[in-house]
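As structure tokens, the structure follows; a few thoughts come after it.
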Amino acid sequence: MKTMKLGSSNLEVPVVALGCMRLPSLDKQQAERFVQTALEQGANFFEHADIYGAGKAEELFAEAVHMSPSVREKLILQSKCGIVPGVMFDFSKEHILNSVDGILKRLNTDYLDTLLLHRPDTLVEPEEVAEAFDLLESSGKVRHFGVSNQNPMQIQLLKKYVKQPLIANQLQLSITNATMISQGFNVNMENGAAVNRDGSILDFCRLHDITIQPWSPFQYGFFEGVFLGNEKFPELNKKIDEIAAKYEVTNTTIAVAWLLRHPANMQPVIGTMNIERLKDCIQAAEIRLTREEWYAIFLAAGNILP
Ligand SMILES: NC(=O)c1ccc[n+]([C@@H]2O[C@H](COP(=O)([O-])OP(=O)(O)OC[C@H]3O[C@@H](n4cnc5c(N)ncnc54)[C@H](OP(=O)(O)O)[C@@H]3O)[C@@H](O)[C@H]2O)c1
């Protein structure tokens with residue numbers, strides 16, 4: 001698969017990342033088949049979080065990939081920490097360090113390529129995050145760092161103390177959840193799309209060489225469902241199907257190609273556990289939509305231009 005550099009680092013990664021949040025829905029045999037197919041297709045970037053399946057996603061992954069030092073060399077592994085589900089967010093030094101130890105144990109590895117802070121913690125003491133990152137880096141447990149669901153000021157606050165570059169910011173972004181894009185078109189207009197909900201995070205990430213990793217690239221709302229083939233989005237599906245027919249690919253491929261067409265060089269994190277759809281998503285790396293097609297899809301989803 002086509003590759004790119006993650007943020008300002010030299011870490012070369014495939015342009016499509018595989019999210020493992022839904023891995024626990026597979027049994028061990030299915031998980032093995034899924035992971036092996038991904039690797040055969042060049043999709044070797046696997047994205048986790050300590051909370052997925054309450055840790056089961058990481059454990060199942062390590063089993064499915066038959067983790068060993070020689071296998072580990074072929075993988076790029078990312079995980080996230082900082083959420084205590086239903087209780088709180090926790091960016092304390094102690095929590096970050098303990099979480100990483102748990103992640104490494106479950107993944108059966110001694111290092112992560114990237115660690116992201118999962119969701120902003122308003123009680124964050126950035127000096128503590130900096131201490132945790134220094135220890136994780138010097139011990140070799142984590143090679144690169146990033147954030148998730150953070151706005152520019154939250155990132156700036158961390159950057160004041162953290163010395164490692166923050167190379168990725170994972171954010172919810174899909175054709176139907178594109179406020180970070182539509183707001184940029186509607187600056188200062190008297191319409192709802194002008195509302196700047198995220199402090200211009202798209203431009204901020206481009207300016208600071210932070211790769212945006214769009215999560216849930218097929219979902220509308222907050223996990224309300226998939227927009228593809230959904231009767232709630234007739235115009236969007238008509239347009240996507242028309243473009244898919246032109247390129248002789250599936251609608252799934254076009255939905256990922258739409259994200260990849262943005263010059264911010266995003267790395268979508270896909271969540272399918274279906275092998276055919278996985279291949280369709282990977283195929284998006286081969287397609288470059290025209291400017292006209294990109295805009296037509298954006299508008300067909302109900303987004304507005306002034
Ligand atoms: N940072 C964060 O806060 C955050 C939040 C949520 C997720 N994430 C990350 O993002 C990853 C992706 O999230 P997600 O799973 O919600 O994303 P997604 O790729 O938008 O959704 C995947 C789900 O949609 C289903 N689906 C149905 N039709 C599909 C089609 N035509 N194409 C693709 N999928 C289709 C899949 O089912 P099948 O398996 O049957 O294809 C699967 O259940 C997660 O694994 C996780 O790593 C991060």
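Just so you know, ligand 1 is whichever comes first in the structure, and atom 1 is the first atom listed for that ligand. Side-chain atoms are counted along with the backbone in the values below, which use heavy atoms only and exclude waters and symmetry mates.
Proximity annotation for atom 9 (C) of ligand 1: of E47, M21, R22, E47 comes nearest, heavy atoms only. Nearest-residue assignment for atom 45 (O) of ligand 1 (options G225, S79, G19; heavy-atom criterion): G19.
Contacts between H118 and ligand 1 below 4.0 angstrom, taking non-hydrogen atoms only, involve the side chain exclusively. If you look at C281 next to ligand 1, there are no close heavy atoms at all, none under 4.0 Å. Only side-chain heavy atoms of T252 come within less than 4.0 Å of ligand 1; its backbone N, CA, C and O stay farther off. Contacts with ligand 1 closer than 4.0 Å are made by heavy atoms of both the backbone and the side chain of V269. Contacts between Q219 and ligand 1 below 4.0 angstrom, taking non-hydrogen atoms only, involve backbone and side chain alike. Counting heavy atoms under 4.0 Å from ligand 1, residue N149 touches it through the side chain alone. Within the 4.0 Å heavy-atom criterion, the part of K80 lying near ligand 1 is the side chain and not the backbone.
With respect to atom 25 (C) of ligand 1, the closest heavy atom belonging to the protein is V226 CG2, 3.7 Å. In terms of protein heavy atoms, atom 10 (O) of ligand 1 is closest to W215 CB, 3.4 Å. In this structure, the protein non-hydrogen atom closest to atom 19 (O) of ligand 1 is G271 N, 2.8 Å. Nearest protein heavy-atom neighbour of atom 8 (N) of ligand 1: Y52 OH, 3.4 Å. From the protein, the heavy atom lying nearest to atom 41 (O) of ligand 1 is T272 OG1, 2.5 Å. At the top of the distance list for atom 35 (C) of ligand 1, counting protein heavy atoms only, stands R277 NE, 3.7 Å. Ranking protein heavy atoms by distance to atom 39 (O) of ligand 1, first place goes to M273 N, 2.8 Å. Shortest contact from atom 17 (O) of ligand 1 to any protein heavy atom: S216 CA, 3.2 Å.
Between R261 and E293 there is no salt bridge, since no side-chain N of the basic residue sits under 4.0 Å from a carboxylate O of the acidic one. With respect to E276 and K279, a salt bridge is recorded, a charged nitrogen being found less than 4.0 Å from a carboxylate O. Under the 4.0 Å criterion applied to side-chain N and carboxylate O atoms, E58 and K105 are not assigned as salt-bridge partners. Ion pair E242/K239 flagged as a salt bridge, since at least one NZ, NE, NH1 or NH2 atom sits closer than 4.0 Å to an Asp/Glu carboxylate oxygen.
Numbered from 1 in the order shown, with element, the atoms of ligand 1 that lie under 4.0 Å from a heavy atom of C20 read 45 (O), 47 (O). Listed by atom number, the atoms of ligand 1 under 4.0 Å from S148 heavy atoms are 1 (N), 2 (C). Taking every non-hydrogen atom of I270 and a distance limit under 4.0 Å, the qualifying atoms of ligand 1 come out as 12 (C), 19 (O).
In the hydrophobic cluster analysis, where Ile, Leu, Val, Met, Phe, Trp and Tyr join through side-chain heavy atoms closer than 4.5 angstrom, I210 is grouped apart from V269.
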(request) Using the side chain to side chain donor-acceptor pair (under 3.5 Å) rule, take Q164 and E137 through it: C-alpha gap first, then chi angles, then the decisive distance, then the call. (result) CA-CA 9 Å; Q164 296 79 8; E137 186 182 50; 3.0 Å; yes
(request) Go through the steps to decide whether S92 and D90 satisfy the test side chain to side chain donor-acceptor pair (under 3.5 Å), and finish with yes or no. (result) CA-CA 6 Å; S92 65; D90 191 348; 2.7 Å; yes
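Residue E224 qualifies as enclosed at atom CD: its count of foreign heavy atoms under 6.0 Å is above 12.
Pairs passing the ring-ring contact (aromatic ring centres under 6.0 Å, His included) check and including a residue from residues 132-151, sequence neighbours excluded, read F133-F145.
Of the polar atoms of L228, none of the N or O atoms is found under 3.5 Å from an N or O of ligand 1, judged by distance alone. For the pair P217 and ligand 1, the shortest N or O to N or O distance falls below 3.5 Å.
Between the side chains of R72 and T109, at least one donor N or O sits under 3.5 Å from an acceptor N or O. In this structure, a donor-acceptor pair under 3.5 Å is absent between the side chains of S182 and N186. Judged by distance alone, the side chains of T114 and Q78 do bring a donor and an acceptor atom under 3.5 Å apart.
In this structure, Y295 has its ring center closer than 6.0 angstrom to the ring center of F185.
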